[in-house]
2 protein chains.
Amino acid sequence: MVVSMTPEQLTVRLRDAITRLNRRLRQERPLGDLTVTQLSALTSLRIGGALTPRELSDAERVQPPTMTKIVAKLEERGLVQRSPHPTDGRQVLLAPTAEGLEVIDSYQRVRDEWLAAKLANLTPDERDTVARAASILEGLARA
Amino acid sequence: MVVSMTPEQLTVRLRDAITRLNRRLRQERPLGDLTVTQLSALTSLRIGGALTPRELSDAERVQPPTMTKIVAKLEERGLVQRSPHPTDGRQVLLAPTAEGLEVIDSYQRVRDEWLAAKLANLTPDERDTVARAASILEGLARA
DNA sequence: CACGGCTAATTAGCTAGCCTAAGGATCGTG
DNA sequence: CACGATCCTTAGGCTAGCTAATTAGCCGTG
């Protein structure tokens, strides 16, 4: 079932799909709680262990001042802890607190209900397509 | 090459890919020019012909006040025209101006250079996967 | 025919999330 | 030891979304 589409059509189509789905994801913000941006940053911290703000902003593809704000909010909620860098006084190390880790876990289970439910309605074949596309799209965003 | 992934992994992975790619798309704002949101609304108007603000906000999945602002910006630029509803004095009809249509066309060609270039680097197989996924994702966002 | 309740659109005001520019602290090297 | 580079933050601005409240117009009922 090859879809025949010009490159322009594909570009427009993909952009549209991305922006709409993103809007939808933002809307589904569950009680409590963290925004998509905050959760993403927190998750990067768990994966990366302790990161500096610079490393974290690189990982999240935002500018450093943006990350300052995101981290500030996570800190307010006690989900991230800041400690001095052992050898470089300019830098700071960020790490999730125990509560932060807990929050991530509970989100992994609870959070994406809306999207998970939608995905569950797809055929196995469609899910497979989406899974492979997700990897490809991540690659695009990273590049 | 079937990717084996739990539903949770897929959900998280997809959300991540969407948000990151969306950030990237926002950043690539070309000179001139319309934001992704504005272009999307304008395109909906071209497809839908003349729509009321309510219809347009439904189509774009935003709340009416949000659409009021988007339309105001498009109007400022002379890309959208407002006319009274023939039978209902509360409503308003929105339609793209000639210039608005022209702008859409030029964007279709010029705008998504960044994304188009990325897509061009994919293998035909990957492009096909992305194309099919785009349709599926649009369906998700719509539902 | 007027009035009460609904709907459409806008206004007001908030938050998140992104940016650039500029500043202060620290590092490292000549 | 001074000076350029680097790290983080502050300041300020913009887009994009939201909810609550207001204004205007519609319509059915008494």
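Chain letters run A, B, ... following the sequence lines, proteins first and then strands; every chain starts at 1. Scope of the values below: all heavy atoms of this structure, side chains included, with no hydrogens, waters or symmetry mates.
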Under 4.0 angstrom, heavy atoms only, what part of the nucleic acid is B/Pro64 near: base, sugar-phosphate, or nothing?
base
In whole Å, what is the span from the CD atom of B/Glu60 to the C1' atom of D/dC18?
16 Å
Can you pull out the residues from residues 65-75 of chain A that lie within a 4.0 Å heavy-atom distance of DNA chain D?
A/Pro65, A/Thr68, A/Lys69
Which nucleotide wins on minimum distance to the side chain of A/Val92, given the candidates C/dG17, C/dA9, D/dC8?
D/dC8
Heavy-atom side-chain proximity of B/Leu93 to B/Pro86 below 4.5 angstrom
yes
Any side-chain heavy-atom pair from A/Val92 and A/His85 closer than 4.5 angstrom?
no
Heavy atoms from other residues, nucleotides or ligands near CG of B/Asp88 exceed 12 (cutoff 6.0 Å):
yes
Contact under 4.0 Å: A/Thr52 side-chain N or O vs D/dC7 OP1/OP2:
no
Protein-nucleotide distance (A/Asp58, atom CG; D/dT6, atom C1'), rounded to Å:
13 Å
Do any pairs count as a side chain to side chain donor-acceptor pair (under 3.5 Å) and have a residue in residues 66-75 of chain A, sequence neighbours left out, and if so which ones?
A/Glu75-A/Arg82
Of A/Asp88 and B/Thr19, whose closest DNA chain C nucleotide lies nearer the 5' terminus?
B/Thr19
Which comes earlier along DNA chain C counting from the 5' end, the contact point of A/Gly89 or that of A/Gln38, where each point is its nearest nucleotide?
A/Gln38
Under 4.0 Å: is that the gap between some side-chain N or O of A/Thr35 and OP1 or OP2 of C/dG17?
yes
Nucleotide nearest A/Arg90 (side chain, heavy atoms from C-beta), chosen from D/dT6, C/dC19, D/dG25:
D/dT6
Within the structure, does a side-chain N or O atom of A/Arg82 lie under 4.0 Å from either OP1 or OP2 of D/dT9?
yes
So, the side chain of A/Glu126 versus the backbone of A/Thr123: is there a donor-acceptor pair under 3.5 Å, distance only?
yes
Mind checking if A/Thr87 touches a base, just sugar-phosphate, or nothing, with heavy atoms under 4.0 Å?
sugar-phosphate
Using the test salt bridge (charged side-chain N to carboxylate O under 4.0 Å, His left out), find all partners of A/Glu60 that sit at least two apart in sequence or belong to another chain.
B/Arg20, B/Arg23
